[in-house]
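What follows is one structure encoded as structure tokens, with my remarks underneath.
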Amino acid sequence: MIHFERFKLDNGLTVLFHKDVTTPLAVVNTLYDVGARDESEEKTGFAHLFEHLMFGGSVNIPDFDAPLQRAGGESNAFTSNDITNYYNILPAKNLETALWLESDRMLSLGFTTKSLEVQRNVVIEEFKQRYLNQPYGDVWLKLRPLAYHVHPYKWATIGKVIKHIEDAKMEDVKAFFHKHYNPANAILCIAGNFEFDFVKTVVNKWYGDIPGGIKPARILPVEPDQEELREEIIERNVPTDAFYYAFKMSERRNEMYYMADVLSDALGRDKSSRLYISLKKEQKLASEIGAYITGSLDNGLLVISGKLNDGVSFETFDKALWKELKKLEEHPISDKELARLMIKMHTSKEFQDQGLLNRAMNLCQFELLGDANGINEEHEIYKAIKPSHIQETAIHILKPTNCSILKVKATQNAE
């Protein structure tokens, strides 16, 4: 059980506090309810650009990192299609240093031409290095628009094309900040060995005077049901042929999300999974194979991906894979297999929850879903899943008309 307390400031900021008496450290985690799905299709990559800009100095503090490092702390951030998350870890006695820094950049960034140019160049270089100049790097730039035709999940967090970042203007950047980076659109979690009254006092001290914004309305186009198998083959200078089978699945708040999660584990979580044993170990068709879900807040994807063994054709692998998937539709998994999956899932979550930062981030994410206490209730949802639920989910999801396949054909051996 992860205990927490919650309060809200007059400006709309939601605050969570998680007490841990066992650590000398503190975590300050800020989740902004903005991701790549909130961008205009003509101006993509802005949420990710902002992840970088937020470290470029605020109105009153030109250098974010130096004061935090002097206080013995470290910070980082990540952006997804759904959220942007910033976190600080530092000695508990220096908590207010992190609150001072985070509140000032929530109040307003510096918006200097120099900061924009520096961070723009960083993001452009990241786009080139991670997505364009790396083997299999552009897979998600191709797979997303294949799987999604309408919903903004059709572009990756980095953006659709480099040009959108190259063309980003200061007025665009300012507008994006003022729309999404305000107290009403943020969830703050403080974790450490503090008293609740102290936390309320210091949060009010540093955040209470920030003007309240308006939580932006999110009206996104709904992806229509897929009714045909989609397939694309791209040729790349990569070491070996690779495959990506993406199946549409339910949104994060739907109970079928949890069933799809267990289904993906049954298919390809580890070396004891069905696809690994059958297609890699026994039939020797793939050199690596796995299955996972994207964890998206809106309708996401269950993905089966891997690489073919030398001499194995896509056609041979394709037939074997669909045959294996058919088994899950025709026969429910055994109680024993389900119990094994649940033990692994529970163990993994228990291990993850040992980390103070993970607890703080997860509390924020469950609060975004509707209630931070979901972090304590999720286990019961998984426990209620039966073999018949997995079978029904497989029938619903694992069908060709719900699948988008990207095949990466190796043109020559990469050095």
Side-chain angles (χ1 to χ4, degrees), residues 139 143 146-148 223-233 241-250 254-296 299-309 311-342 344-345 382 385-409:
V139 161
L143 186 57
L146 184 64
Y148 296 99
E223 185 70 23
D225 291 341
Q226 188 171 328
E227 296 179 346
E228 76 293 320
L229 175 69
R230 300 170 185 169
E231 184 174 330
E232 183 177 349
I233 301 174
D241 294 346
F243 53 86
Y244 302 82
Y245 289 68
F247 298 87
K248 297 274 185 22
M249 57 169 281
S250 61
N254 192 301
E255 62 180 9
M256 284 191 70
Y257 170 92
Y258 299 96
M259 298 168 193
D261 190 19
V262 178
L263 174 62
S264 72
D265 281 4
L267 286 169
R269 179 188 176 105
D270 53 29
K271 292 181 179 180
S272 63
S273 64
R274 288 172 171 238
L275 298 183
Y276 186 96
I277 291 172
S278 175
L279 302 181
K280 182 181 189 302
K281 200 171 175 183
E282 296 176 352
Q283 300 183 58
K284 296 182 170 47
L285 298 177
S287 59
E288 57 182 78
I289 189 167
Y292 55 91
I293 60 173
T294 53
S296 308
N299 287 12
L301 299 172
L302 186 158
V303 182
I304 297 170
S305 65
K307 296 180 175 66
L308 297 181
N309 270 329
V312 175
S313 70
F314 282 120
E315 291 73 23
T316 300
F317 174 81
D318 191 70
K319 286 178 184 174
L321 175 62
W322 286 111
K323 185 178 179 181
E324 205 59 41
L325 298 183
K326 197 73 179 169
K327 292 178 183 176
L328 272 167
E329 296 179 25
E330 293 175 344
H331 308 287
I333 66 175
S334 67
D335 290 329
K336 183 178 179 182
E337 183 179 359
L338 181 58
R340 176 178 59 79
L341 291 170
M342 289 302 175
K344 287 191 175 185
M345 189 172 283
Y382 280 111
I385 293 175
K386 298 178 172 60
S388 59
H389 294 143
I390 306 303
Q391 183 182 23
E392 289 163 11
T393 305
I395 292 169
H396 182 69
I397 292 178
L398 302 177
K399 51 189 179 184
T401 53
N402 189 46
C403 185
S404 300
I405 309 171
L406 181 68
K407 297 175 180 176
V408 185
K409 190 168 180 55

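From a predicted model like this one, the values you see are computed outputs, not experimental measurements. Keep in mind that the numbers below use all heavy atoms, side chains included, and drop hydrogens, waters and symmetry copies. Residues: numbered from 1 along the sequence shown.
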| task | Mind listing the closest non-hydrogen atom pair of Asn402 and Gln226 along with its distance? | result | C-NE2, 3.8 Å
| field | Interatomic spacing from OG in Ser273 to NZ in Lys281 - rounded to 0.5 Å | value | 11.0 Å
| request: Please report the closest heavy-atom contact between His396 and Met256, naming both atoms and the distance. | output: CD2-CE, 3.6 Å
| Separation of Ser305 OG from Tyr292 OH (nearest 0.5 Å) | 4.0 Å
| Under 6.0 Å from the CG atom of Asp225, do we count more than 12 heavy atoms belonging to anything else shown? | no
| Gap between atom CD of Glu337 and atom CG of Asp265 - 0.5 Å precision | 10.5 Å
| So, do Leu325 and Phe247 sit near enough that their side-chain heavy atoms are less than 4.5 Å apart? | yes
| Does a side chain donor of either Ser272 or Lys344 reach within less than 3.5 Å of an acceptor in the other side chain? | yes
| field | Check: Thr294 side chain, Gly300 main-chain N or O, donor-acceptor pair, under 3.5 Å | value | no
| Can you tell me if CD on Glu330 sees more than 12 non-hydrogen neighbours from other groups inside 6.0 Å? | yes
| request: Please lay out, stage by stage, how Ile289 and Phe317 fare under the test side-chain contact (heavy atoms from CB on, under 4.5 Å). | output: CA-CA 11 Å; Ile289 189 167; Phe317 174 81; 3.9 Å; yes
| Does a side chain donor of either Ser278 or Gln283 reach within less than 3.5 Å of an acceptor in the other side chain? | yes
| task | Output the distance between atom NZ (Lys248) and atom CG (Leu302), rounded to the nearest 0.5 Å. | result | 12.5 Å
| field | Stepwise side-chain contact (heavy atoms from CB on, under 4.5 Å) check, Thr401 with Glu228 | value | CA-CA 4 Å; Thr401 53; Glu228 76 293 320; 5.6 Å; no
| request: Answer whether the closest heavy-atom distance between the side chains of Thr393 and Met249 falls below 4.5 Å. | output: no
| query | Are any non-hydrogen side-chain atoms of Val262 and Tyr258 less than 4.5 angstrom apart? | reply | no
| query | Once you round to the nearest 0.5 Å, how far does CG of Leu321 lie from NZ of Lys323? | reply | 12.5 Å
| query | How are the rings of Tyr245 and Phe243 set relative to one another: parallel (under 30°), tilted (30 to 60°) or perpendicular (over 60°)? | reply | perpendicular
| said: The test is side-chain contact (heavy atoms from CB on, under 4.5 Å); show your working for Leu341 and Ile390 and say whether it passes. | reply: CA-CA 12 Å; Leu341 291 170; Ile390 306 303; over 6 Å; no
| Going through the checks in order, is the side-chain contact (heavy atoms from CB on, under 4.5 Å) test met by Asp270 and Tyr276? | CA-CA 7 Å; Asp270 53 29; Tyr276 186 96; over 6 Å; no
| Derivation of the side chain to side chain donor-acceptor pair (under 3.5 Å) call for Tyr382 and Asp261 | CA-CA 9 Å; Tyr382 280 111; Asp261 190 19; 2.5 Å; yes
| message | Around atom CD of Glu255, are there more than 12 heavy atoms from other residues, nucleotides or ligands closer than 6.0 Å? | response | no
| request: Give the intermediate values and the outcome of salt bridge (Lys or Arg N to Asp or Glu O under 4.0 Å) for residues Arg230 and Glu232. | output: CA-CA 7 Å; Arg230 300 170 185 169; Glu232 183 177 349; over 6 Å; no
| query | Roughly how far apart are Cys403 SG and Ile397 CD1, rounded to 0.5 Å? | reply | 11.5 Å
| For Asn309, does its backbone N or O pair with a side-chain atom of Ser287 as donor and acceptor, under 3.5 Å? | no
